[in-house]
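The structure under discussion appears below in the form of structure tokens.
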Amino acid sequence: MSKEITSRSTDYSQWYNDLVIKGGLADYSAVRGCMVIKPYGFALWENMRDALDKMFKDTGHVNAYFPLFVPKSLFEAEEKNAEGFAKECAVVTHYRLKTDPNKKGALIVDPEAKLEEELVVRPTSEAIIWNTYKNWIQSYRDLPILINQWANVVRWEMRTRLFLRTAEFLWQEGHTAHATREEAIAEAETMLGVYADFVENWMALPVIKGLKSESERFAGAEITYCIEAMMQDGKALQAGTSHFLGQNFAKAFDVKFSDKDNKLDYVWATSWGVSTRLIGALVMAHSDDEGLILPPRIAPWQVVIIPIYRGEEQKAQLDGKIKELIQQLKSAGVRVKYDDNDNARPGWKFAEYEMKGVPVRVAIGLRDLENNTVELARRDTREKFTVPIDGLANRIVNLLDEVQQSIFNKAKAFRDSHITRVDSWDEFVKVLEEKGGFVSAFWDGTEEAEAAIKEKTKATIRCIPLNNPKEEGKCVLTGKPATQRVLFAQAY
RNA sequence: CGGGAGGUAGUUCAGCCCGGUAGAAUACGUGGUUUGGGACCACGGGGUCGCAGGUUCGAAUCCUGUCCUCCCGACCA
């Protein structure tokens with residue numbers, strides 16, 4: 001079997017697609033823009049989901065589930081939100097099919113089964129959730145509400161890409177309700193911190209925390225916080241967002257509460273989400289021309305063991321030692337795959353698990369059995385070394401940590417070397433064209449300048465970094481006075 | 001939504017221009033030799049050629065229509 005991967009230098013997009021398909025994460029489907037997440041890809045998602053879920057619960061949140069469908073009248077209640085999403089909504093208009101009288105075996109939409117009110121397939125759940133919160137909140141004693149849901153959403157995107165932008169995707173969305181503005185803002189900031197923590201420490205992907213400019217803000221939000229990551233081709237990718245929604249949704253859905261002094265006020269809101277898009281970020285940021293490189297903490301398999309033998313007899317000799325090793329690794333909390341499939345030879349397996357990005361490989365043969373050794377190989381650097389079998393589990397646990405750290409360091413070095421400070425328009429254009437990455441430049445704060453820059457260079461303001469130092473300068477485009485640098489980049 | 005490519009075996013594709021018994025590689029099954037970086041031999045199973053019409057003695061191939069996917073672009077909280 002030849003599973004050649006297109007190299008990054010030949011065709012970066014094709015390289016990415018090859019990794020996803022040939023690495024076994026996902027497949028195309030018969031539905032435009034929708035993918036099948038295969039078991040290996042889903043196991044990766046499950047690990048990410050489990051880690052995040054624990055972090056949400058540790059910060060006081062609980063899970064719930066709200067309907068997939070949103071009645072149109074609810075959807076349109078918060079005007080800006082509705083407007084922002086209107087052009088990419090799937091809409092249910094009928095509830096029944098019937099057999100086609102003109103064509104045997106075919107079905108048509110039954111015109112008599114038209115819904116009185118159309119149902120919008122959720123592109124996000126603020127509307128249905130705030131409509132529900134209205135019933136749950138009367139007093140400050142009912143607050144805060146700290147709910148998260150794991151769900152699928154649909155956004156009818158014009159152009160889709162595996163994981164990065166699919167018509168249907170899996171995500172989590174947190175929706176919280178608070179008694180004060182300050183508390184809600186603190187919540188949005190806390191969750192941004194949770195995301196940054198997760199993406200950096202679990203996915204080994206360094207991010208920049210920041211604020212979105214007004215034009216990039218979530219529809220219906222007052223503040224959108226984001227984490228931005230850098231891909232290997234120099235394009236930025238929004239890895240997560242956390243929104244302070246003010247009282248917009250409370251007003252749209254008439255959600256009021258009595259405070260301690262029995263005064264009525266609207267409830268303050270946040271929402272925050274990350275999606276399967278993170279998998280796309282992971283693939284693009286770490287992998288190489290040999291295949292995926294997965295960080296140990298979320299890799300479905302952290303270690304693969306490959307036996308090398310001639311004939312059943314030798315296999316039997318190895319098996320005892322390997323079973324013992326698997327047991328040790330498992331009790332050390334390591335996710336281990338033992339591939340003793342006889343159909344494929346070792347070389348084939350080596351290549352296959354490199355493609356799948358398994359962080360550490362253990363090869364063990366008769367030679368090792370005699371010497372009391374194994375061959376260890378790490379995926380990220382492709383280094384191999386022969387080590388004693390005694391104390392192997394411990395050594396592997398340490399190696400996994402090292403790999404995790406090393407992948408992060410590499411991504412961080414790349415990211416840091418792709419933040420360029422520029423002070424002139426010529427430089428700005430040149431850096432974006434030739435080098436890519438983030439460009440740190442002064443911006444006069446106007447939407448006009450932002451739009452003009454996008455028009456000329458395709459670069460958008462990815463974020464205004466948190467704790468950005470105030471500086472005196474001149475807007476890189478207009479030359480008008482500016483008070484701070486912001487990060488521009490072309491983005492996915 | 002504009003432009004491009006494509007739909008034939010599980011997969012990748014050839015065949016189509018010039019109509020005449022559906023092919024290759026790979027994967028799969030059986031047997032054997034192999035096994036420390038993508039093994040080899042032999043035999044074998046597997047396809048209403050996206051769908052619907054039409055032309056023809058005869059259509060994967062020509063004509064018309066239609067559906068779907070992918071890529072590039074515009075769009076993208």
Side-chain angles (χ1 to χ4, degrees), chain A residues 1-6 11-14 16-18 20-22 27-35 78 80-89 102-103 105-106 122-126 153 155-162 164-167 169 171 173 212-221 224 226 237-238 240-243 245 271-273 275 277 290-291 306-315 318 339-355 361-371 373-377 382 384 386 454-455 458 460 491-492:
Chain A
M1 159 148 61
S2 78
K3 278 197 186 174
E4 288 293 307
I5 291 176
T6 306
D11 183 344
Y12 190 84
S13 298
Q14 191 56 48
Y16 173 78
N17 288 336
D18 284 356
V20 171
I21 301 289
K22 294 174 180 173
D27 225 335
Y28 294 116
S29 74
V31 191
R32 191 205 73 101
C34 296
M35 63 177 176
E78 207 295 322
K80 280 189 180 157
N81 187 252
E83 230 183 87
F85 284 102
K87 60 185 178 296
E88 54 189 35
C89 287
N102 301 315
K103 197 174 161 195
R122 64 181 167 213
T124 182
S125 299
E126 276 80 3
V153 289
R155 297 181 187 179
W156 214 265
E157 301 285 356
M158 285 300 187
R159 176 131 153 68
T160 58
R161 302 196 66 185
L162 293 164
L164 294 175
R165 178 168 288 110
T166 47
F169 56 91
W171 78 343
E173 47 183 327
K212 284 294 185 192
S213 65
E214 194 179 336
S215 68
E216 296 276 329
R217 204 173 283 161
F218 177 76
T224 288
C226 63
L237 191 144
Q238 178 177 299
T241 49
S242 178
H243 316 288
L245 302 173
S271 69
W272 27 275
S275 70
R277 181 179 224 214
E290 311 302 320
I306 297 172
I308 296 160
Y309 59 92
R310 303 163 197 252
E312 284 304 308
E313 203 175 308
Q314 292 194 357
K315 169 87 185 328
L318 287 174
D339 188 349
D340 63 346
N341 185 348
D342 196 36
N343 288 351
R345 296 159 80 255
W348 190 91
K349 291 178 185 172
F350 292 173
E352 181 67 12
Y353 289 103
E354 272 168 20
M355 177 117 60
R361 179 180 76 227
V362 175
I364 178 163
L366 266 277
R367 196 168 75 200
D368 295 300
L369 222 48
E370 282 167 23
N371 301 334
T373 59
V374 301
E375 181 189 82
L376 271 189
R382 305 189 79 212
K384 294 195 280 197
T386 300
K454 183 179 180 185
E455 169 77 26
K458 289 187 191 165
T460 49
Y492 279 99

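So that the names make sense, note that chain A is the first sequence line, chain B the second, and so on, each numbered from 1.
- For the C1' atoms, the distance linking B:rG38 with B:rU26 amounts to 13 Å, nearest Å.
- Proximity of A:S271 to A:L245: side-chain heavy atoms (C-beta onward) are separated by under 4.5 Å at one or more points.
- Picking from B:rU35, B:rC71, B:rC75 the nucleotide with the shortest atom distance to the side chain of A:K87 gives B:rC75.
- Side-chain N or O atoms of A:E352 include none that pairs as donor or acceptor with a backbone N or O of A:W348 at under 3.5 Å.
- Mapping A:N343 and A:V374 onto RNA chain B by nearest heavy atom places A:N343 closer to the 5' end of the strand.
- Across all strands shown, B:rC49 remains unpaired; no Watson-Crick or G-U wobble contact has both distances below 3.5 Å.
- Taking atom CH2 of A:W348 as the reference point, atom P of B:rA39 lies 10 Å away to the nearest angstrom.
- The residue A:T373 sits apart from the nucleic acid: no heavy atom pair falls under 4.0 Å.
- A:K384 comes within 4.0 angstrom of a nucleotide base, judged by non-hydrogen atoms across all strands.
- Backbone-only contact: A:A30 has heavy atoms under 4.0 Å from sugar-phosphate atoms and none from a base.
- Out of B:rA39, B:rG37, B:rC76, the shortest distance to the side chain of A:E354 is found at B:rG37.
- Going from atom NZ of A:K349 over to atom P of B:rA39 covers 11 Å, rounded to whole Å.
- Note on A:N17: every side-chain N or O is 4.0 Å or more away from OP1 and OP2 of B:rC70.
- Set against B:rU69, B:rG37, B:rU35, the side chain of A:R382 has B:rG37 as its closest nucleotide.
- Note: CG (A:L318) to P (B:rU35) measures 14 Å, nearest angstrom.
- In this structure, B:rG73 forms a base pair with B:rC1, meeting either the Watson-Crick or the G-U wobble geometry with both donor-acceptor distances under 3.5 Å.
- A:G84 comes within 4.0 angstrom of nothing in the nucleic acid, heavy atoms only.
- In the set B:rG36, B:rC70, B:rC1, the nucleotide with an atom closest to the side chain of A:M158 is B:rC1.
- Between A:R310 and B:rU34 there is no side-chain polar atom (N or O) within less than 4.0 angstrom of OP1 or OP2.
- Side-chain atoms of A:R345 stay outside donor-acceptor range of the base of B:rG36, with no qualifying N/O pair under 3.5 Å.
- Counting any heavy atom pair closer than 4.0 Å across all strands shown, A:R217 reaches sugar-phosphate atoms only and no base atom.
- The residues A:E4 and A:K22 are annotated as not salt-bridged, no charged nitrogen and carboxylate oxygen being separated by less than 4.0 angstrom.
- Geometric assessment of A:R361 against the ring of A:F350 yields a positive cation-pi assignment under the 6.0 Å and 45° thresholds.
- Residues A:K315 and A:Y309 form a side-chain contact, since some pair of their non-hydrogen atoms from C-beta on lies under 4.5 Å apart.
- In a base pair of the Watson-Crick type (N1 to N3 plus N6-O4 or O6-N4) or a G-U wobble (N1-O2 and O6-N3), with each distance short of 3.5 Å, B:rU26 is matched with B:rG10.
- The base-pairing partner of B:rC40, taking Watson-Crick or G-U wobble contacts with both distances under 3.5 Å, is B:rG32.
- For the pair A:Q14 CD and B:rG4 C1', the interatomic distance rounds to 15 Å; values are reported in whole Å.
- Taking 3.5 Å as the limit, the base of B:rC76 and the side chain of A:R165 contain a donor-acceptor pair of atoms between them.
- Contact annotation: A:K458 reaches the phosphate of B:rA74 (side-chain N/O to OP1 or OP2, under 4.0 Å).
- Partner assigned to B:rU61 is none, using Watson-Crick or G-U wobble distances below 3.5 angstrom.
- The shortest side-chain heavy-atom distance between A:V153 and A:P123 does not fall under the 4.5 Å cut-off.
- OP1 or OP2 of B:rC76 lies within a sub-4.0 Å distance of a side-chain N or O belonging to A:K454.
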